[in-house]
Amino acid sequence: MKEKTHLGKQLLSILVPCYNEEAVLPAFYQRTSQVIADIPRYDFQFIFVNDGSKDHTLDVMRELREKDSRVSYVNLSRNFGKEIAMIAGIDYLTGDAAIIMDADLQDPPELIPEMIYWWEKGYQDVSAKRRSRAGESFFKKWSSHAFYTLLQKVSDVPMQRDVGDFRLLDRQCLNALRLMRESQRYTKGLFSWIGFEKKEILFDRDARAAGKTKWNYWKLFNLAIEGITSFTIAPLRTSAFVGCILALISILYMLFIVIRTIIYGDDVPGYPSLISIVLFIGGIQLFFLGVIGEYLGRIFNESKSRPLYLVQDFNGERVMEQKKGIQDYDR
Ligand code: UDP
Ligand code: MG
C-alpha cells in the first residue's frame, strides 16, 4: 500500500443526497463546516443532490450556495431514490476523494478527520461501521442481521457487514463506481464489488437529528431483494435444486403407490394426500416462477438502458446535455 504524498492542496468532496431535508440541512452544513474548518490542509467542496424534494430543501441549498462558494448542488428532475442520487453526485463531484454522508446527521461529521487519516495512510475506501444502532427497533436490528448473514452466504463477492454508505472513497474507487451504470443499484454491494484497499472504522450511529426517515419495512424488504438479485443467481440455482429434489421424491412416491396398488389393490383412497401434494407443488412452482420473474424483470429494466437520472439544473444553471452511460462518462 502506498502512503499518500502531498502535491499541492487536494480537494475533498462531501456528497450528500437529500430528500425532504429542509429541517436538518442547515444544521448539517453548520456542524460539518465546523469540523472541516479544522482541516486546513485540504480544500473542501459540498455536493448536495436534491432528489426531487417536495419541501424547501432546494431553497436551503440555494441559500447555502449563495453564502458559501464551496457549495454546489445538483437538482434532479424528480425523486430517483438515494442509490441513484448518490451516483448523480459521484458523476458531478470533482474531488480527489469524496465522503458520502446522510443529511440527517446520523453520520457524525466528527468522523471525517479519522477517515482522512486512513486515506492518507493509503486506504482507498474507508467505511464507517456501526457499533450500535441507536433509535432502531429490535425487529429492524434482527432483520438487518438476518439479511446480512444471508447475503454474505449467497453472494460471490465478500460483502461488508453493518457498513452503510457513510465512507470516504478515493478517485480510483469513484471512477470504478462511475463505470457501473446499472439502473437497479444496490450501492452497498457495489462498494464491496469494486474491491481496492478497504478500511473499516467503528462509530456509534446516532438517531436522526430532525425530520423523518424515508424508509419503511416494505422499502427495506425491496432493498433486500435488490441486494440479493443483483449480486447472485443463487435463488435460480436453488430453484433448480429444489426442483430436482421434488422430482426425486415424486418418483419414489410413484413407485410406492404402484407397488402398493399391485399388492393391496386400489380402493381409491388418498384424496387428501393428493390434493395437498398438488397444492404444494403448485405453490413451489409459483414461487420459483416469481424468482425467475425477478431476474427477468431486471433484464427488462437494464435492457432499456435509460439514463440513470435526469438533472434539471446544476448550481442553478439548466443542464442541456444529459449523461446516459459510460460513453459520455467525462464531462
Ligand atoms: N434520501 C434520498 N432520496 C430518497 C430517500 C432518501 O436522497 O428517496 C436521502 C436522505 O435525504 C438522507 C439519506 O438518503 O440524506 C438517508 O435517508 P434516511 O435518513 O431517510 O434513511 P435511514 O437513515 O433511515 O436509513
Ligand atoms: Mg437517516
Side-chain angles (χ1 to χ4, degrees), residues 13-32 46-61 64 71-93 98-109 111-112 127-141 143-145 147-148 160-167 183-191 203-224 226-227 308-312:
S13 306
I14 295 175
L15 164 58
V16 193
C18 304
Y19 176 59
N20 294 348
E21 299 287 8
E22 63 173 5
V24 64
L25 203 53
F28 171 85
Y29 170 78
Q30 206 65 51
R31 210 168 117 188
T32 311
F46 286 95
I47 296 271
F48 294 120
V49 180
N50 178 34
D51 186 17
S53 300
K54 308 240 170 352
D55 63 359
H56 298 291
T57 302
L58 183 62
D59 296 326
V60 175
M61 289 177 185
L64 291 175
V71 173
S72 287
Y73 63 88
V74 184
N75 183 24
L76 302 184
S77 65
R78 64 172 171 84
N79 177 256
F80 284 89
K82 184 186 180 189
E83 310 291 315
I84 298 290
M86 280 194 285
I87 187 64
I90 290 175
D91 283 339
Y92 273 80
L93 60 83
I99 299 161
I100 305 178
M101 298 177 76
D102 284 0
D104 57 9
L105 287 169
Q106 276 191 294
D107 304 333
L111 225 61
I112 293 177
S127 51
K129 189 179 170 104
R130 286 179 290 248
R131 191 186 291 132
S132 67
R133 292 165 154 250
E136 284 184 7
S137 69
F138 170 77
F139 182 70
K140 185 160 180 195
K141 285 180 200 162
S143 53
S144 133
H145 177 82
F147 167 67
Y148 279 121
Q160 289 176 292
R161 232 191 144 92
D162 272 330
V163 294
D165 301 320
F166 182 25
R167 59 181 66 224
S183 61
Q184 282 178 283
R185 301 178 77 79
Y186 179 67
T187 313
K188 282 194 224 341
L190 298 181
F191 291 141
F203 83 115
D204 293 303
R205 189 163 164 90
D206 301 327
R208 178 175 252 285
K212 49 178 201 294
T213 176
K214 280 96 207 170
W215 291 105
N216 53 41
Y217 283 115
W218 176 240
K219 277 194 181 175
L220 282 175
F221 176 72
N222 280 324
L223 188 71
E226 200 67 57
L308 294 182
Y309 54 84
L310 292 175
V311 177
Q312 194 168 336

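We count ligands from 1, going down the list as the structure has it; atoms in each ligand are counted the same way.
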Is there a side-chain contact between Tyr309 and Asp91 in this structure, where contact means two heavy atoms from C-beta onward sitting under 4.5 Å apart? yes
Between Leu105, Val49, Asp51, Ile84, which one has a non-hydrogen atom sitting closest to atom 4 (C) of ligand 1? Asp51
Exam field: side chain Thr57 to backbone Tyr19, donor-acceptor pair closer than 3.5 Å: no
Polar-atom distance check: Met101 versus ligand 1, any N or O pair below 3.5 Å? no
Subset of ligand 1 atoms that lie under 4.0 Å from at least one heavy atom of Asp102: 13 (C), 15 (O), 16 (C), 23 (O)
Aromatic Phe80 / basic Arg78 pairing, under 6.0 angstrom, 45° off normal: yes
Which ligand 1 atoms are under 4.0 Å away from a heavy-atom of Cys18? 7 (O), 11 (O)
Atoms in ligand 1 flagged as close to Ala103, the criterion being non-hydrogen separation under 4.0 Å: 15 (O)
Return a yes/no value for Ala85: is any of its N or O atoms, backbone included, closer than 3.5 angstrom to an N or O of ligand 1? no
Any side-chain heavy atom of Tyr73 sitting closer than 4.5 Å to one from Asn50? no
Is the backbone N or O of His56 less than 3.5 Å from a side-chain atom of Glu22, with the two atoms forming a donor-acceptor pair by type? yes
Candidate pair Phe166 and Phe203, rule ring pair (Phe, Tyr, Trp, His ring centres under 6.0 Å), full reasoning: CA-CA 11 Å; Phe166 182 25; Phe203 83 115; 5.6 Å; yes
Any idea which atoms of ligand 1 are less than 4.0 Å away from a heavy-atom of Gln106? 19 (O), 22 (P), 23 (O)
With Ser127 as partner, the option from Val163, Asp165, Ile100 fulfilling side-chain contact (heavy atoms from CB on, under 4.5 Å) is Val163
Metal site angle (apex the Mg ion (ligand 2)), OD2 from Asp104 and OE1 from Gln106, 10 degrees: 100°
Subset of ligand 1 atoms that lie under 4.0 Å from at least one heavy atom of Glu21: 10 (C), 11 (O), 12 (C), 15 (O)
